[in-house]
Novice: 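Below is the structure I would like to discuss, written out as structure tokens.
No experiment lies behind these values; they were computed from the predicted model shown. Labels below follow one simple rule: chain letters A, B, ... track the order of the sequence lines, proteins then strands, and each chain is numbered from 1.
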Amino acid sequence: MPKITLPDGSVREYDKPVSALEVAESIGSRLAKAAVGAKVDGALTDLSTVIERDAEVAIITEKTRDGEQDTDALYLLRHSAAHVMAEAIQRIVPGAQLVYGPPLEDRFYYDIRFPDDRPLKEGDFEAIEKEMAAIVKDDRAFTRYELPLDEGMTKLKGEGSKYKLDNAERAVAAGSGALSFYATGEPGKNWEDLCRGPHVPSTGRVGAFKILSLSSSYWHGDENSDRLTRVYGTAFFSKKDLDQHLERLEEAKKRDHRVLGKALDLFHQDDDVGQGLILWTPRGAQVRKQLQKFISRELERQGYTEVFTPHIGKLELYKTSGHFPYYQDSQFPPIVDRENLNRLAGDGCSCAQLANLMGEGDINGFLLKPMNCPHHMKIYGSRPRSYRDLPVRLAEFGTVYRWEQSGELNGMTRVRGFTQDDAHLFCTPEQLGDELQGCLELVKIIFDALGMDDYRVRVGLRDPDSGKYVGDPAKWDAAEQACRDAAKTLGVPFSEEPGEAAFYGPKIDFVVKDVIGREWQLGTVQCDYNLPERFDLSYIGADGQAHRPVVIHRAPFGSMERFIGVLIEHFSGAFPLWLAPEQVRVMPISEKSLDYGRKIHEQLVEAGFRATLDDSDERVQLKIRRGAEMKVPYSVIVGPKDEEAGTVSLRVFGLPDAQGSLPIAAFVEALQNEDASRGKKRAADLLATPAS
RNA sequence: GCCGCUGUAGCUCAGUGGUAGAGCGCACCCUUGGUAAGGGUGAGGUCGCGGGUUCAAAUCCCGCCAGCGGCUCCA
């Protein structure tokens, strides 16, 4: 007879097997009413699941005890909403075949194969939602039943859905002993779907939902396989929560770096220039410049030396490095020089033959560099190195070009030409650990300065079962341990991911989320035993013998494009003073104060600030509004009173109540403090904030 | 690259077969105004590009280009 242990530690005994619902009822009728599912020994189940043995049981309700939305409850809800949506869609589009419909973090989708002559359109959303509302109103119970494998398979075969049949086969392969189905209502009478579950008790619990978007996917994620339509939706228990969520999505859209980039004039992309190529407008260029200045200063502190290398190199170079043969598909095709081209043309070479020659690399030419490493390898190798010179740390804001698939391009976060904050560290195997730590310290310093704490770290290790890795296993072990240690010292949570290492060495990746919740890999720190080999690099050790150095590739912020894209979203475009493209805008109250305004502006510029003067013939209210629209940190208002007193009156972006006047010298000093401290000391602190 | 959606003024968008609109921005004039929009006048568009249907196309059809949402990939 089951002994049920509840989350509070209390134990209840039952004289026969009980369903989770019955457990809830025995605790209280209100709980039973609020219950949407259960967790039995940690596994999420239906409320109707019968518990036959001793177990730890938690009843899942819409809200946790602290009144928060329960994530398990939302999972059940969204999974159930996916069923409701699928039923609605099948009513509207007969012949639509269901494939796979899981809940996600904040929404759900269903992959569906539509008949070719009846694709789903966004215009169908309204009808589907209406149909869904009707199903919800019916408040039919989600009814689970199981069939033995053979019976279940026969049933599925009879229904003729190759996708569901495939799902079932995969379930069997994964060790399932039976197939479970969920009917919304009565099996055999109402709509049903092969499904692992679990679900909320009935369709009536699906409170508020919305179909969000339409996209496509491939069966099994294989582009050569069937193309499916993926219908995204989201669901909440209450209309209020749904509306809140939709509002948040709207808000997020406003923070999107592509939207802000345009509104704040930070960057521009132009059809005539090309897809995935960023034009940094003056304001965006200023942000990048300040950031690079900061990074460069930290690099100097850490003993890096900066280098500059060209944007192209001989094809041969990239054959040596291995980039050309291995990653050809993501490179721009080689550049063949005119002489070569003319000779080939003279020989009657066809386009197809030329393409072939290029593909094989069997031609002289140049490549737009997809990586900076080969050039840096050559700098290292340009003269003999002693162990006393090591580590050699070569840094470059190096621009590289990669042929990303057109469908992948995205604002500044996925582009075809970008500048990496790249560096290569050449060191002895013994120095590897310290150097890795140094890399991570740098990342920490810069993330801290930017107030970025929402990132995760992945340590990519080799897959023990794969033979694709180059180099000595003992060295790998040491390098992997060094990566782990370095990540530990960083003091942020990290995950170890076997199989995620590059073939030439383990790596540490930094991943951040954008406002829409998409994850982007920023930087990476990678150990490399391969390139030094390929370029035959060496140093003379204390023993007088030549040794192979180890290389660390590191671009902790990935690319300036992606990083600043993420930064724009991080700050909602309101950059701190030290990064702001326009730090101060001087706004004379009227023409009468224009001369004084000019004087103040000049003083600010002289003091090294990015200051502008709004000398337009407008009222100060409008000038302030415009300054705020561009998110300028400080608005300096000057009128006759200021002129008389030698002061400036301030308005601080984001702090509309912090107002007041300061002598100009005091303001300049305060700004300098804020700039130099990267915001730790704020000029705004000098202002009286009215008690509220 | 694939699937779907979208493309109208510098920006945001309205316009479903009958000669193209609004708000903001811009220019000029009036206004000289103390912390988020003072008033007026005006300029500005081969309706993404190319083809087709039609007496007539921003609008319907086809192709292409680009953006967006996904899929796949990412040294």
Novice: Looking at Gln331(A), Lys369(A), Arg416(A), His311(A), which one forms a side-chain hydrogen bond (donor to acceptor under 3.5 Å, both in side chains) with Tyr401(A)?
Specialist: His311(A)
Novice: Return yes if the base of G34(B) and the side-chain atoms of Ser649(A) contain a donor-acceptor N/O pair under 3.5 Å, otherwise no.
Specialist: yes
Novice: Once you apply a heavy-atom cut-off of 4.0 Å, does Ala502(A) come out as touching a base, just sugar-phosphate, or nothing?
Specialist: nothing
Novice: Describe the nucleic acid contact of Leu409(A) in one word from base, sugar-phosphate, nothing, applying a heavy-atom distance below 4.0 Å.
Specialist: sugar-phosphate
Novice: Distance check needed: G34(B) P versus Leu662(A) CG, whole Å only.
Specialist: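 Distance, rounded to whole Å: 21 Å.
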Novice: When only distance counts, do a donor and an acceptor, one from the side chain of Ser330(A) and one from the base of A75(B), lie under 3.5 Å apart?
Specialist: yes
Novice: Hey, does Tyr504(A) reach any base, or is it just sugar-phosphate, or nothing, if we go heavy atoms under 4.0 Å?
Specialist: sugar-phosphate
Novice: Taking atom types as they are modelled, would you say the side chain of Gln621(A) forms a donor-acceptor pair with the base of U35(B) within the 3.5 Å cutoff?
Specialist: no
Novice: Give a yes or no on whether a donor-acceptor pair under 3.5 Å exists between the nucleobase atoms of G67(B), that is its base, and the side chain of Asp271(A).
Specialist: no
Novice: Nearest heavy-atom pair of Arg78(A) and Glu105(A): which atoms, and what distance?
Specialist: NH1-O, 3.1 Å
Novice: With both distances kept under 3.5 Å, what pairs with G34(B), Watson-Crick or G-U wobble?
Specialist: none
Novice: So Lys262(A), base contact, sugar-phosphate only, or nothing? Heavy-atom distance under 4.0 Å.
Specialist: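 The residue Lys262(A) makes sugar-phosphate contact but no base contact.
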Novice: Could you measure between the two C1' atoms, the one in C71(B) and the one in A75(B), and give it in whole Å?
Specialist: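 Comparing C1' positions in C71(B) and A75(B) gives a spacing of 22 Å.
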Novice: According to a strict under-4.0 Å criterion, is Ser406(A) in side-chain N/O contact with OP1 or OP2 of G1(B)?
Specialist: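 So the side-chain polar atoms of Ser406(A) do come within 4.0 Å of the phosphate oxygens OP1 or OP2 of G1(B), strictly under.
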Novice: By nearest nucleotide on RNA chain B, pick out whichever of Gln521(A) and Ile589(A) is the more 5' one.
Specialist: Ile589(A)
Novice: Any base atoms under 4.0 Å from Pro370(A), or only sugar-phosphate, or nothing? Heavy atoms, all strands.
Specialist: base
Novice: For a quick check of understanding: with a heavy-atom distance under 4.0 Å over all strands, which category does Gln526(A) fall into, base, sugar-phosphate or nothing?
Specialist: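 The answer is sugar-phosphate, as Gln526(A) gets under 4.0 Å only of primed atoms, P, OP1 or OP2.
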Novice: Rounded to the nearest Å, what distance is computed from the CG atom of residue Asp615(A) to the P atom of nucleotide A27(B)?
Specialist: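 Distance, rounded to whole Å: 11 Å.
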Novice: Relative to the ring of Phe667(A), is the ring of Tyr634(A) parallel (under 30°), tilted (30 to 60°) or perpendicular (over 60°)?
Specialist: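 If you compare the ring of Tyr634(A) with that of Phe667(A), the planes turn out perpendicular.
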Novice: Using a distance-only criterion (donor-acceptor N/O pair, under 3.5 Å, no hydrogens), is the base of G70(B) paired with the side chain of Ser216(A)?
Specialist: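 Yes, the side chain and the base share a sub-3.5 Å donor-acceptor pair.
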Novice: Could you give the distance separating G50(B) and G25(B) at their C1' atoms, to the nearest angstrom?
Specialist: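 Result for the C1' pair: 32 Å, nearest Å.
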Novice: Please compare Leu120(A) and Gln331(A) by the position of their nearest nucleotide in RNA chain B and report the one closer to 5'.
Specialist: Leu120(A)
Novice: Is there a donor and acceptor pair, one atom on the side chain of Arg414(A) and one on the base of C74(B), closer than 3.5 Å?
Specialist: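 Between C74(B) and Arg414(A), which were checked side chain against base, a qualifying N/O pair under 3.5 Å is present.
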Novice: Parallel, tilted or perpendicular: which one describes the rings of Tyr163(A) and Trp219(A), with boundaries at 30° and 60°?
Specialist: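 Correct class here is perpendicular.
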Novice: Heavy atoms under 4.0 Å, any strand shown: does Tyr232(A) hit a base, just sugar-phosphate, or nothing?
Specialist: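 Contact class for Tyr232(A): sugar-phosphate only.
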Novice: What contact category does Gly411(A) fall into here, base, sugar-phosphate, or nothing, at under 4.0 angstrom with non-hydrogen atoms?
Specialist: sugar-phosphate
Novice: Which of the following nucleotides, A66(B), G4(B), G34(B), is nearest to the side chain of Leu214(A)?
Specialist: G4(B)
Novice: Has the side chain of Arg651(A) got a donor or acceptor atom sitting under 3.5 Å from an opposite partner on the base of A36(B)?
Specialist: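 Such a pair is found, so the answer is yes.
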Novice: Does a distance-only test, which skips hydrogens and angles, find a donor-acceptor pair under 3.5 Å between the side chain of Tyr218(A) and the base of C2(B)?
Specialist: yes
Novice: Select base, sugar-phosphate, or nothing to describe what Glu404(A) touches, counting heavy atoms under 4.0 Å on all strands.
Specialist: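 Answer is nothing: Glu404(A) stays at 4.0 Å or more from every strand.
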Novice: Tell me if the aromatic rings of Trp403(A) and Phe332(A) count as close, with their centers under 6.0 Å from one another.
Specialist: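 Yes.
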Novice: Taking only the side-chain nitrogens and oxygens of Arg402(A), find out if one of them lies under 4.0 Å from OP1 or OP2 of A75(B).
Specialist: no
Novice: What heavy-atom pair brings Gly499(A) and Tyr469(A) nearest, and what distance separates the two atoms?
Specialist: CA-OH, 3.8 Å
Novice: For a quick check of understanding: with a heavy-atom distance under 4.0 Å over all strands, which category does Asp642(A) fall into, base, sugar-phosphate or nothing?
Specialist: base
